[in-house]
There are 2 protein chains.
Amino acid sequence: MSTEPGPRRRGVAETTAAIERAAIDLVTEHGYDQVTVDMICQAAGISQRTFFNHFKTKDAALLGTDEPAIDQQAAREFIVSDGPLLAEAAGLVRIEPDRLPADPSLIMRRINAVSQNPVLLARQMERLTAIEDELRQIIALRLRQDALRDGADEAELADLPEQAEIVTHLLAGLMRYVGMSWARAAAAGTPPPIGTEHLAERLERVIRKLG
Amino acid sequence: MSTEPGPRRRGVAETTAAIERAAIDLVTEHGYDQVTVDMICQAAGISQRTFFNHFKTKDAALLGTDEPAIDQQAAREFIVSDGPLLAEAAGLVRIEPDRLPADPSLIMRRINAVSQNPVLLARQMERLTAIEDELRQIIALRLRQDALRDGADEAELADLPEQAEIVTHLLAGLMRYVGMSWARAAAAGTPPPIGTEHLAERLERVIRKLG
DNA sequence: GTCACTGTTGCAGTCACTGCATTCAAACCT
DNA sequence: AGGTTTGAATGCAGTGACTGCAACAGTGAC
């Protein structure tokens with residue numbers, strides 16, 4: 001029909017990357033509401049059906065395939081550590097490096113796009129809830145370690161699961177904070193946003209007030 | 001045309017309530033995915049256009065018009081109090097009584113429906129973010145009070161806004177916990193779910209571990 | 001060459017949601 | 001009472017996200 005010979009055989013990874021790039025570019029230029037899936041498809045040179053073969057939703061394409069996950073090695077160390085709980089726990093959540101887009105500038109543009117769109121920001125935050133379960137189990141183990149170390153009684157041990165849940169939710173809130181400040185710094189042009197180290201001292205001060 | 005004489009003049013409130021009731025009933029019976037807006041409209045005896053005149057989205061009809069809000073009187077007391085910060089702050093968020101549905105059993109059915117649907121649960125949680133801004137300002141005022149009382153220095157005062165944001169996010173996580181346990185208790189049939197009083201002692205124990 | 005595999009596609013259809021113009025009952029006015 | 005205004009409800013046509021299905025075309029294996 002045209003000069004393009006049927007299906008482009010460029011492999012899953014390339015097509016996926018092309019979609020992500022097109023999506024970010026368009027949203028950066030026109031804003032979230034003004035961009036349709038059809039526009040993204042056209043820019044990426046694929047059909048709409050192909051788009052939805054690669055991404056479950058329009059939002060997913062904008063957020064990318066790199067999801068936050070728990071660093072298993074760090075989790076093992078965290079469980080037996082006796083350092084500041086929240087600050088250490090905040091360091092558990094990472095993004096798997098091999099899932100990151102090949103083009104590094106894409107990350108920056110994505111952070112920019114996401115931080116300027118309430119809808120995307122909300123979706124981004126929702127992703128964190130996906131790992132909350134895993135997180136809760138790790139925190140339960142850590143609390144158990146702490147309790148045993150302190151020689152806790154029966155009643156206190158029984159309350160640990162519930163406490164783990166509270167801590168997990170507190171932590172989820174904290175991760176949202178980290179995400180937001182990261183996005184904000186990125187949007188403002190400040191190059192390397194905060195890590196969790198910077199957070200530790202501040203958290204300590206905050207927690208002292210909570211009692 | 002039919003026996004029904006044109007548009008039912010039953011007032012906004014009644015129609016809204018009818019939609020809410022129909023929505024909850026259907027989702028309770030068939031599950032979220034199996035219920036379409038058309039079905040809700042038919043059950044409520046209205047047109048689809050009317051549905052969207054009353055609710056912005058399908059989700060909104062299921063969650064109801066009663067949104068969480070900050071109790072202004074409680075907020076004023078909170079700012080000058082020197083009690084446990086997080087536990088007290090968790091008590092600030094209420095649902096305006098006059099916004100609650102007339103039929104009390106509707107609330108129970110709604111909590112049940114929402115707690116069994118991840119999508120709705122997520123939307124419910126999103127609503128909390130709407131008041132986070134207001135919350136942050138109140139917490140900033142409270143932190144300022146605390147700081148002045150303790151005779152804080154210049155540097156510490158400058159850090160207060162950032163601290164207020166951290167506390168707000170921690171608190172947001174905590175409110176999600178309260179909401180979840182409430183929903184869980186309701187789903188399990190346990191009649192009166194926890195209040196924030198019950199939370200206070202537990203929180204104290206948790207926070208002691210966070211340092 | 002044939003065959004299985006896989007990435008891609010078109011198409012038809014569903015569902016959520018919107019803008020616009022219209023209708024009808026009730027309240028208001030004279 | 002008769003005319004006007006108002007506000008809830010509606011029909012309709014259209015957009016945009018998303019799905020299921022069947023088909024098609026390069027790619028590599030035998």
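Here the structure is a predicted model, which means the values were calculated and not measured.
Atom NE2 of A:His54 and atom P of C:dT8 are 4 Å apart (whole Å). Between the NZ atom of B:Lys58 and the C1' atom of C:dT18 there is a distance of 18 Å, rounded to whole Å. When rounded to the nearest whole Å, the span between CD1 of B:Ile40 and C1' of C:dA16 equals 11 Å. The distance between atom CE of A:Met39 and atom C1' of D:dG16, rounded to the nearest whole Å, is 12 Å. One can place CZ of B:Phe55 at 18 Å from C1' of C:dT18, the figure rounded to the nearest angstrom. Atom CD of B:Gln34 is separated from atom P of D:dT19 by 14 Å (rounded to the nearest Å). Put simply, CZ on B:Phe52 is 7 Å from P on C:dA16, counting in whole angstrom units. The separation between A:Asn53 atom CG and C:dT9 atom P is 9 Å, rounded to whole Å.
Put simply, B:Ser47 has no side-chain N or O that comes within less than 4.0 Å of OP1 or OP2 on D:dA9. The phosphate of C:dG7 has neither OP1 nor OP2 within less than 4.0 Å of any side-chain N or O from A:Thr50. A close approach under 4.0 Å does not occur between any side-chain nitrogen or oxygen of B:Thr36 and OP1 or OP2 of C:dT14.
B:Lys58 forms a cation-pi arrangement with B:Tyr32, by the criterion of a distance under 6.0 Å to the ring centre and an angle within 45° of the ring axis.
Summarising the base pairing, C:dA12 is matched to D:dT19 through a Watson-Crick or G-U wobble pair whose two defining distances lie under 3.5 Å.
A 6.0 Å sphere centred on CE of A:Met180 holds no more than 12 heavy atoms belonging to other residues, nucleotides or ligands. When the shell of 6.0 Å around CZ of B:Arg144 is examined, it contains 12 or fewer heavy atoms from other residues, nucleotides or ligands.
Among C:dC17, C:dT8, D:dC18, the nucleotide with an atom closest to any side-chain atom of A:Thr15 is C:dT8.
Counting only N and O atoms by type, the side chains of A:Gln72 and A:Glu134 include a donor and acceptor under 3.5 Å apart.
For C:dG7, the base has no donor-acceptor partner in the side chain of A:Arg49 [N/O atoms by modelled type, under 3.5 angstrom].
Under a 4.0 Å N-O distance rule, the pair A:Glu126/B:Arg123 qualifies as a salt bridge.
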